[in-house]
Protein chains: 2
Amino acid sequence: MSDDLATRLREQGLRLTPQRQLILRAVEELGHATPDEVLAQVRSQVSSVNPSTVYRTLEVLEELGLVRHTHLSDRAPTYHSTTEHEHVHVVCRRCHAVRSYDADAVAPLVAALGADGFTVDIGHLAVFGECADCSATAAATPPPT
Amino acid sequence: MSDDLATRLREQGLRLTPQRQLILRAVEELGHATPDEVLAQVRSQVSSVNPSTVYRTLEVLEELGLVRHTHLSDRAPTYHSTTEHEHVHVVCRRCHAVRSYDADAVAPLVAALGADGFTVDIGHLAVFGECADCSATAAATPPPT
DNA sequence: CTTGATGCAAAGGGTTTGCACCATC
DNA sequence: GATGGTGCAAACCCTTTGCATCAAG
């Protein structure tokens, strides 16, 4: 993994730095995390890392294909490691629960768009709606967002 | 339509104002528009409307079920009228082209999640990826965002 | 020792909020 | 005329950028 990082960076003439290693590790540890959460996680281990470095590094890591981002809320995006299986995020608007579904849940969609030559970015997909629990419970509460 | 607005507002004990009518009309005219674009459109017809009013009104209109929003970029959300057929947005990351697909493109997905009791918010769905033209053309250009 | 990476601080886009005034019902 | 709506300005969150300094290769 961190080997991967070193290799891929070198391929692009980029440099391996402690920050980059720490940020990648933080994303892997956190599962799904916003830049802010990544920063906090890194700082919990090492003292000084700068927010701008987190933003810049997440961008680099995404270009290298080591992390991906998606939007699980109307706020900050969340990053996850590509070592996880490719998956689709399903988010309940009411309780904010996030479930991951295997990529083949969207296979028909991918196929349909593929017929038009469109390549779906599966990992970025976030499906919003209302989960079973909330549909049952909150019969008449106005949905947030 | 504007009848709908008046009715639904009244049902909630809310008031019908010129701003609300103008903003709803702007969304209908524009198809897909960010709050900023809605503001511009409204201002092109009437002089003074405030950005905060646009934000507040779009929120109200969405609660009333008259408009919906989705995220077609990493920037501002876009709003569209619910008088349009329910549709899914498909966005090319490279050329930013947006195509709408009929809701039944995601019928299998909706069914699969429905089996788990999850109700998909179809109108909010934005599928990112790369379109046919771009896949052909930009063979080796790094994808933005 | 060259060039890419970092930290810092300031600026930027987009959105929200508090409050006084205004207008719908 | 009571209460909800609007405008205005300030605050806010998240992110980007310019620049001087630092360090990986």
Expressed in angstrom and rounded to an integer, what is the separation of [X] atom [atom1] from [N] atom [atom2]?
X       : N      : atom1 : atom2 : value
B:Leu9  : D:dT3  : CG    : C1'   : 15 Å
A:Arg20 : C:dG7  : CZ    : P     : 11 Å
A:Leu39 : C:dG7  : CG    : C1'   : 12 Å
B:Leu14 : D:dA2  : CG    : P     : 20 Å
A:Glu59 : D:dT16 : CD    : C1'   : 10 Å
A:Tyr79 : D:dC14 : OH    : C1'   : 11 Å
A:Glu11 : C:dG4  : CD    : P     : 17 Å
B:Leu58 : D:dG5  : CG    : P     : 15 Å

Sequence neighbours excluded, which residues qualify as side-chain hydrogen bond (donor to acceptor under 3.5 Å, both in side chains) partners of A:Gln45?
A:Glu29

Out of D:dC14, D:dG7, C:dT6, whichever nucleotide has its closest atom nearest the side chain of B:Val49
D:dG7

Just how large is the angle between the end axes of the helix from C:dC1-D:dG25 to C:dC25-D:dG1, five pairs per end, to 10 degrees?
40°

Would you say [X] reaches [N]'s phosphate, i.e. side-chain N/O to OP1/OP2 under 4.0 Å?
X       : N      : answer
B:Tyr55 : C:dT15 : yes
B:Thr17 : D:dT6  : yes
B:Gln19 : D:dG7  : yes
B:Thr53 : D:dG7  : yes

So what does A:Pro51 touch, heavy atoms closer than 4.0 Å: a base, only the sugar-phosphate, or nothing?
nothing

Within the structure shown, what part of the strands sits under 4.0 Å from A:Thr34 by heavy-atom distance: base, sugar-phosphate, or nothing?
nothing

Treating A:Arg20 as the side-chain partner and A:Leu5 as the backbone partner, does any N or O pair qualify as donor plus acceptor under 3.5 Å?
no

What residues, two or more places apart in sequence or in another chain, satisfy salt bridge (charged side-chain N to carboxylate O under 4.0 Å, His left out) together with A:Arg68?
A:Glu62, A:Asp121

Tell me, please, which residues at least two apart from B:Arg8 pass salt bridge (charged side-chain N to carboxylate O under 4.0 Å, His left out).
B:Asp4

Hits for ring-ring contact (aromatic ring centres under 6.0 Å, His included) against A:Phe128, two or more places apart or cross-chain, chain-then-number order -> B:His124

Distances under 3.5 Å between nitrogen or oxygen atoms of protein and nucleotides 17-23 of chain C:
residue : atom : partner : partner atom : Å
C:dG18  : O6   : B:Arg56 : NH1          : 3.4

Sort and list the pairs that fulfil ring-ring contact (aromatic ring centres under 6.0 Å, His included) and have at least one residue in residues 3-27 of chain A, not counting sequence neighbours.
none

Sorted by position of nearest nucleotide on DNA chain C, 5' first, the leading residue of B:Pro35 and B:Arg10 is B:Pro35

Approximate separation, where rounding is to 0.5 Å, of B:Leu125 CG and B:Glu86 CD:
9.5 Å

Hydrophobic side-chain clustering at under 4.5 Å (ILVMFWY, transitive links): who's grouped with A:Tyr55? Put none if nobody.
none

Any idea how A:His89 and A:His32 line up, ring-wise: parallel (<30°), tilted (30 to 60°), or perpendicular (>60°)?
perpendicular

May I have all residue pairs that pass side chain to side chain donor-acceptor pair (under 3.5 Å) and include part of residues 97-111 of chain B, sequence neighbours excluded?
A:Asp116-B:Tyr101

